[in-house]
Amino acid sequence: MNAQATIGVLALQGAFDAHVQHLNALDVDVRLIKTEADLEEIDGLVIPGGESTTMSNLLVASGLGKTLTQKIDNGFPVFGTCAGMIMMANSIVDGRPDQIVLNAMDIQVRRNGYGRQNDSFEQDIDIASFDVPFHALFIRAPIIEKLANDVEVLSTVNGHPVLVRQGSALASSFHPELVADFRVHEIFVSVVKSS
Amino acid sequence: MSSSSNTAQVGSFPVKRGLAEMLKGGVIMDVVTPEQAKIAEDAGACAVMALERVPADIRRDGGVARMSDPDMIEGIKAAVTIPVMAKARIGHFVEAQILQALGVDFIDESEVLTPADEAHHIDKYKFTTPFVCGATNLGEALRRISEGAAMIRSKGEAGTGNVVEAVRHLRSILGDIKKIGTADSAELFEWAKRLQAPLSLVQEIAETGQLPVPLFCAGGLATPADAALAMQLGASAVFVGSGIFKSDNPAPRAKAIVEATTHYMDAKILAKVSAGLGAPMTGIGMDEINQRYAERGW
């Protein structure tokens, strides 16, 4: 649509500041999203890492959850990292029964799939269309257990998809916002600009 | 610091610091039973601190306060899906080894417990599990970071329900960071000397304008307004200890503190969530206590 995209970063809890810094480096207008009214002015939303149960509670309390789900149903671009990926899934394993499912992508995700913090790790990964590997941090990361046929897998680690795209939805189980490398965020900015 | 490798590396500093980043904007709550841990998770806590007695009770009971019973920590780990932290005594690296073996997600080398070493803190680089340490000023914060802490929290004065010391510590740490930001390169040597902190960390602060690890607030927070105060002063998240489960009505108070930490700039939301919570913990004035926990650690 417009050359200057406005991207929101869900700022209820978690590593939202790091996403803001990355997006600021990519010539987009960035907004922190805390209330329902904040959603009106943005062309796409980043859901950061953090605790998905905490964010789920706050989505309900703030009234954001309902409006966001409606927007996503209409193809609103979203990019979730770690906890954000969990929230975007259509099915969550080992979550809380009352946890919000935004249903932005046809994936089933297991929370803390790699284990506890002592199992968190960093590793170089290959990503489709990137010439040079990407350094990825996995922090109490979720695992994608099932995915629909039209979910495009852009990267895998030990056979598990870690970066996936379906239409205008992008999700990673790692944290591209924690390394000084903007290439994954660039993918999302181009999704937002072309939608 | 990040290694370039195709093989997975666990326990590196970026991986430890990464979990601290994920806890930003959240509330970490002290809990002493699995039931309390569930209440905390239900209320939206981003992590729980598993301990046998909350600081207010440690203060009342006196005696030596030590690491919690592993059975108690396991019970809390089994009850919730959010990260679980636990406390080791200052300098007690064996308690820390035990907590790491138990698989806790964060170790708090805490002045609330009775110190085990009066000269040395734990060498935190030797551990896979990340550490959080308390600090009353920037020098103390930087010494802990140089030992490998992945998160710093203000010490405040735990178990008092009185936010005044936490405010003092936050203002001191953040005030000095601001001053270093305007210092010239020659003045940084003097800053390092005065703070008794590594020059490289002082230079890093001069360049970035912030602490190299997330700064959280702890020690005496009891109300949603206390949490929002800490956030407005510049903390990235808050710990609430005795303030929740020593109050009249823990579950709604916990939820209100979570919402206040998110919407800390919105006074209308703060007014709404502060209403009808029942009595907070009674609290005590600084001139009424005979042991200041914040003086422990060096």
Side-chain angles (χ1 to χ4, degrees), chain A residues 10-19 32 34-35 48-62 81-83 92 94-96 98-99 111-112 114-126 132-133 135-141 157-158 174-175 177-181, chain B residues 1-27 38 41-47 77 80-85 100-107 127-130 150 214 236-237 255-256 258-259 261-266 269 273:
Chain A
L10 190 67
L12 298 176
Q13 189 271 323
F16 48 84
D17 274 342
H19 279 290
L32 287 179
K34 286 179 188 276
T35 65
E51 277 309 311
S52 60
T53 53
T54 303
M55 283 191 253
S56 172
N57 275 11
L58 289 161
L59 274 176
V60 174
S62 64
T81 57
C82 196
I92 303 169
D94 281 352
R96 288 170 53 89
D98 58 350
Q99 195 164 344
R111 274 184 79 205
N112 304 333
Y114 290 90
R116 304 189 73 93
Q117 173 62 13
N118 285 342
D119 305 301
S120 294
F121 62 98
E122 55 179 324
Q123 181 174 350
D124 282 352
I125 62 171
D126 291 318
V132 182
H135 192 72
L137 272 77
F138 293 82
I139 312 290
R140 285 173 52 100
V157 170
N158 300 328
F174 58 95
H175 292 283
E177 78 283 10
L178 295 184
V179 292
D181 187 334
Chain B
M1 293 226 256
S2 297
S3 64
S4 191
S5 162
N6 286 321
T7 55
Q9 195 194 349
V10 299
S12 62
F13 193 73
V15 167
K16 293 175 177 176
R17 190 187 186 284
L19 183 55
E21 291 285 337
M22 296 311 129
L23 299 174
K24 280 182 172 179
V27 183
K38 287 299 290 177
E41 185 180 57
D42 288 348
C46 68
K77 273 175 57 200
V80 293
T81 62
I82 54 178
V84 175
M85 302 186 172
Q100 173 163 296
L102 288 171
V104 304
D105 297 292
F106 237 105
I107 298 170
F127 291 80
T128 303
T129 311
S236 291
K255 189 165 185 290
V258 169
E259 289 186 41
T261 303
T262 294
H263 301 287
Y264 66 92
M265 292 296 285
D266 190 329
I269 294 180
V273 304

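Letters A, B, ... are given to chains in the order of the sequence lines, protein chains preceding strands, and every chain is numbered from 1.
Interface remark: B:V84 contributes backbone and side-chain atoms alike to the contact with chain A (heavy atom separation under 4.5 Å). In this structure, chain B has a heavy atom under 4.5 Å from the side chain of A:T53, while its backbone stays farther away. There is no contact between B:A237 and chain A, counting heavy-atom distances below 4.5 Å. Contact of A:D126 with chain B is not made at all, since no heavy-atom distance falls under 4.5 Å. Contacts of A:R140 with chain B are made by side-chain atoms alone, with heavy-atom separations under 4.5 Å and no backbone atom involved. In this structure, chain A has a heavy atom under 4.5 Å from the backbone of B:A45, while its side chain stays farther away. Proximity to chain B (any heavy atom under 4.5 Å) is restricted, for A:A11, to the backbone atoms N, CA, C and O.
The choice from B:C46, B:S236, B:G11 that makes the most heavy-atom pairs within less than 4.5 Å of chain A is B:C46. Considering only heavy-atom pairs separated by less than 4.5 Å from chain A, the leading option among B:G103, B:P83, B:G25, B:G18 is B:P83. Your options are B:Q100, B:E41, B:K16, and the one with the most heavy-atom pairs under 4.5 Å with chain A is B:E41. Comparing B:L19, B:T129, B:D266, B:T128 by heavy-atom pairs within less than 4.5 Å of chain A, the highest count is held by B:L19. Per-residue counts of heavy-atom pairs under 4.5 Å with chain B were compared for A:R116, A:E51, A:E177; the largest is that of A:R116. When each of A:G50, A:G49, A:A18 is checked for heavy-atom pairs under 4.5 Å with chain B, A:G50 comes out on top.
Taking B:E259 as the reference, B:K255 meet the salt bridge (Lys or Arg N to Asp or Glu O under 4.0 Å) condition, with sequence neighbours excluded. In this structure, the salt bridge (Lys or Arg N to Asp or Glu O under 4.0 Å) partners of A:D94, at least two apart in sequence or on a different chain, are A:R110.
Atom CG of residue B:D105 and atom CG of residue A:N118 lie 7.5 Å apart, to the nearest 0.5 angstrom.
Among all heavy-atom pairs drawn from A:Q13 and B:K24, the shortest one is NE2-O, 3.1 Å.
B:M22 has its side chain within reach of A:L178: a pair of non-hydrogen atoms, C-beta onward, lies under 4.5 Å apart.
At least one donor-acceptor pair under 3.5 Å links the side chain of A:Q117 to the backbone N or O of B:V15. A distance-only check finds no donor-acceptor pair linking the side chain of A:Q123 to the backbone of B:Q9 [under 3.5 Å]. In this structure, the side chain of A:N57 engages the main chain of B:D42 through a donor-acceptor pair within 3.5 Å. The backbone N or O of B:T262 lies less than 3.5 Å from a partner atom in the side chain of A:K34, making a donor-acceptor pair.
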